[in-house]
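Throughout, residue positions are numbered sequentially from 1 according to the sequence presented. Every heavy atom of this structure was used, including side-chain atoms; hydrogens, water molecules and symmetry mates were not.
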Amino acid sequence: ARLREYGPYPLDAERVARLSTSAGMSPGEAAVLLGGLSAGDADPSGALGVPAQALNAVGSTWQRIAPERTCTLLTALLPVTSATGAPGEEAWVELLDQGPRLDGVVRMWREAYDRHAPVPDALIAAAARYLGFSWSGVEVSEAVHGAANPGTWPWRAGPLAQTSGGRLLAALAALLPWLAYTLPVDDPVRAVLPETVTRLRQWLDDPTAIVDCGGFDDDGALRAFANVLDLAIPPSASDTIDLGVVLVDTRRGHPARLRPAHLTGAADPALAALKGCTSGGERVLALVTDLYSGHIARMVALPTPDGDSGQEPAGGAPRYPHNPRTYQIGLVAQVAEHAGLSLDAATLYLQLLALPDPTDRNVARWTGWRAARLRQARAELAASDLVVTATRSRAGRSLFLPGGWVPARSPAIPVERWKLPLIAGGEAALAGDRMALPTVGVPELFATAWQRVLDGDGPRFEEPDQVSRP
């Protein structure tokens, strides 16, 4: 009402930038917050240079998940002019004259999240497209900032029970492999992912750590879990049954909370029993397993380049592990010699062989090659018997491995059937609502795919008439 009476506060790009830097929130978060004082009369994405998708990602989750926090932050922006310490009538006039007060919001944000480096809005927008604007009750920005700032919140406070618990872990379970696969080698967020995984792994060892991990659908599922582990279900006068490794709520649905420090490792039978007897906690249990086994650490790790690797692309363009010459020039040379190809054609062949999304556009971005160089490499590879040339719906390329073809639901891209063992989740991942990701880190993926070829398990047609099929 006061906004309508006194008029909206005009958005200010300089103040948005200052709030972002001082508090450690993204420019999009700062714009959404300050935009709350403009009554929606302005478009921050145009005036402030903040991507509209980032504003949607932040604004949508703030409204759904944390409306009370948003109101508190908005109130803190207003000058306090009344004796009660609340914004008085004069605050609205002062707001228009002097602008919002940032110091209170900066203090509140730092207390909640510790001070951390803001994540680019473009990354938040891309993560929102991958995870969904709101996923498992966790803000996309919250999860991305947590992954990108391992030295601060949420790991600094120990147990995550008060900061979304299993929901945040579930979001990170989906987010970390995606970040590891999509970000360039030299991206600052990509560089800290190994430390983020280390922090997560250390947190699992905290004796007080408790993680929501779904629930038992009925008493029979709970008894089956106890029987597998040879546990007696103790009588409980409270709402909680303590089974050591897991705490079970006696209310409807039997919600379960895992004590990861009680596990002996990735092969602990309790993990397998929970996966078989509970529902709703699959992603959390998968992440815990991958953390204990070291699988997620291998996915986010980047090896030391061999020989003359890392020389491409020139001119300061981003380097991607999807270009095997970034880390594995020796492997590229081996493929070139074995197949009778140039280094460029061998590079392209490895990408077609191993990656789930080697579209022409992606290959150009990963290699940094100019169009003429790409055309020459494609023409050389097309002249070999290693690939076939075809037109296939949503493939984004014209060269394919011989063999079966698996359609996919957008945003996943259809792939050759030979690649299914290299894709996390296999064929089911292609029918999901996210892009498909590999089972291992990209450098290891190239080596794994090539070893299959050397072992005699290379791509090939099972029937002659498959050659002409799209």
Problem - Heavy-atom side-chain proximity of Leu204 to Leu263 below 4.5 angstrom - result: no

Handout entry: Candidates Thr326, Asp186, Asp187 - the one meeting side chain to side chain donor-acceptor pair (under 3.5 Å) with Arg319
Key = Asp186

Practice task
Examine distances only and state if a side-chain atom of Ser22 and a backbone atom of Arg18 form a donor-acceptor pair shorter than 3.5 Å.
Solution key: yes

Handout entry: Side chain proximity check, Trp366 to Leu355, heavy atoms < 4.5 angstrom
Key = yes

Exercise for the section: To the nearest 0.5 angstrom, please state how far the CG atom of Leu291 sits from the CD1 atom of Ile296. Expected result: 6.5 Å

Handout entry: Point-to-point distance, once rounded to the nearest 0.5 Å, from CG of Leu258 to CG of Leu271
Key = 6.5 Å

Problem - Value rounded to 0.5 Å, distance of CG in Leu287 from NE2 in His295 - result: 10.5 Å

Exercise for the section: Let me see the working for Ser26 and Asp121 under side-chain hydrogen bond (donor to acceptor under 3.5 Å, both in side chains), right down to the final yes or no. Expected result: CA-CA 6 Å; Ser26 79; Asp121 287 303; 3.0 Å; yes

Problem - Ala364 versus Leu374, closest heavy-atom pair with distance - result: CB-CD1, 3.5 Å

Completion exercise
So NE2 of His322 and CG of Leu350: to nearest 0.5 Å the spacing works out to 14.0 Å

Exercise for the section: Taking all heavy atoms of Ala412 and all of Ala429, pick out the closest pair and write down the distance. Expected result: CB-O, 4.3 Å

Exercise for the section: Taking Arg394 for its side chain and Ala408 for its backbone only, find out whether a donor-acceptor pair lies under 3.5 Å. Expected result: yes

Fill in the blank from the handout: Nearest heavy-atom contact between Val300 and Val197 is CG2-CG2, 3.8 Å

Practice task
Show your reasoning for whether side-chain hydrogen bond (donor to acceptor under 3.5 Å, both in side chains) applies to Ser342 and Glu380.
Solution key: CA-CA 8 Å; Ser342 68; Glu380 179 185 350; 2.7 Å; yes

Handout entry: Neighbour count above 12 (heavy atom, 6.0 Å) for Gln334 CD
Key = yes

Exercise for the section: For the residue pair Asn323 and Thr347, confirm or rule out a side-chain donor-acceptor distance under 3.5 Å. Expected result: no

Practice task
Please tell me if the side chains of Gln351 and Asn362 come closer than 4.5 Å, counting only heavy atoms from C-beta onward.
Solution key: no

Practice task
Classify the side-chain pair Asp344/Tyr349 by whether it contains a donor and acceptor separated by less than 3.5 Å.
Solution key: no

Handout entry: Side-chain donor or acceptor of Tyr292 paired with backbone N/O of Pro260 under 3.5 Å
Key = yes

Handout entry: Within 45° cone and under 6.0 Å: Arg452 NZ/CZ vs Trp418 ring
Key = yes

Exercise for the section: Report yes if the side chains of Leu399 and Leu348 come closer than 4.5 Å at any heavy-atom pair, otherwise no. Expected result: yes

Practice task
Look only at the side chain of Asp457 and the backbone of Val453, and say whether a donor-acceptor pair between them is shorter than 3.5 Å.
Solution key: no

Practice task
Identify the two heavy atoms, one from Ala449 and one from Leu422, that lie closest to each other, and give their separation to 0.1 Å.
Solution key: CB-CD1, 4.0 Å

Practice task
Return yes when atom CD of Glu195 has more than 12 non-hydrogen atoms of other residues, nucleotides or ligands closer than 6.0 Å, and no otherwise.
Solution key: yes

Practice task
For the pair Gln328 (side chain) and Pro443 (backbone), establish whether a donor and an acceptor sit closer than 3.5 Å, ignoring hydrogens and angles.
Solution key: yes

Handout entry: Flag, side chain of Thr289 to backbone of Ala266, donor-acceptor distance under 3.5 Å
Key = no

Exercise for the section: Report yes or no: does His145 contribute a side-chain atom to a donor-acceptor pair with the main-chain N or O of Met25 at less than 3.5 Å? Expected result: no

Exercise for the section: Determine, for Trp178 and Arg434, whether the Lys NZ or Arg CZ falls below 6.0 Å from the six-membered ring centre while staying within 45 degrees of the axis. Expected result: no

Problem - Side-chain heavy atoms of Val185 within contact of Tyr320, under 4.5 Å - result: no

Practice task
Could you grab the distance from atom OG of Ser20 to atom CG of Leu34, nearest 0.5 Å is fine?
Solution key: 10.5 Å

Handout entry: N/O donor-acceptor pair under 3.5 Å between Arg370 side chain and Ala372 backbone
Key = no

Handout entry: Heavy-atom side-chain proximity of Glu416 to Pro459 below 4.5 angstrom
Key = no

Practice task
Please check if the side chain of Arg190 supplies one atom and the backbone of Ala180 the other of a donor-acceptor pair under 3.5 Å.
Solution key: yes

Handout entry: Closest non-hydrogen atom pair, Ala377 against Trp369
Key = CB-CZ3, 4.1 Å

Exercise for the section: Quick one: pull up CG in Asp360 and OG in Ser398 and give me the separation to the nearest 0.5 Å. Expected result: 5.5 Å

Exercise for the section: Give a yes or no on whether the backbone of Pro150 and the side-chain of Arg199 come within a donor-acceptor separation of less than 3.5 Å. Expected result: yes

Exercise for the section: Would you tell me whether Asp455 and Gln451 have side-chain atoms, one donor and one acceptor, within less than 3.5 Å of each other? Expected result: yes

Handout entry: Any Met435 side-chain heavy atom under 4.5 Å of Asp357 side chain
Key = yes

Exercise for the section: Would you mind reporting whether Pro407 and Arg392 have side-chain heavy atoms less than 4.5 Å apart? Expected result: no

Practice task
Please name the pair of heavy atoms, one in Cys213 and one in Thr278, separated by the smallest distance, quoted to 0.1 Å.
Solution key: O-OG1, 4.0 Å

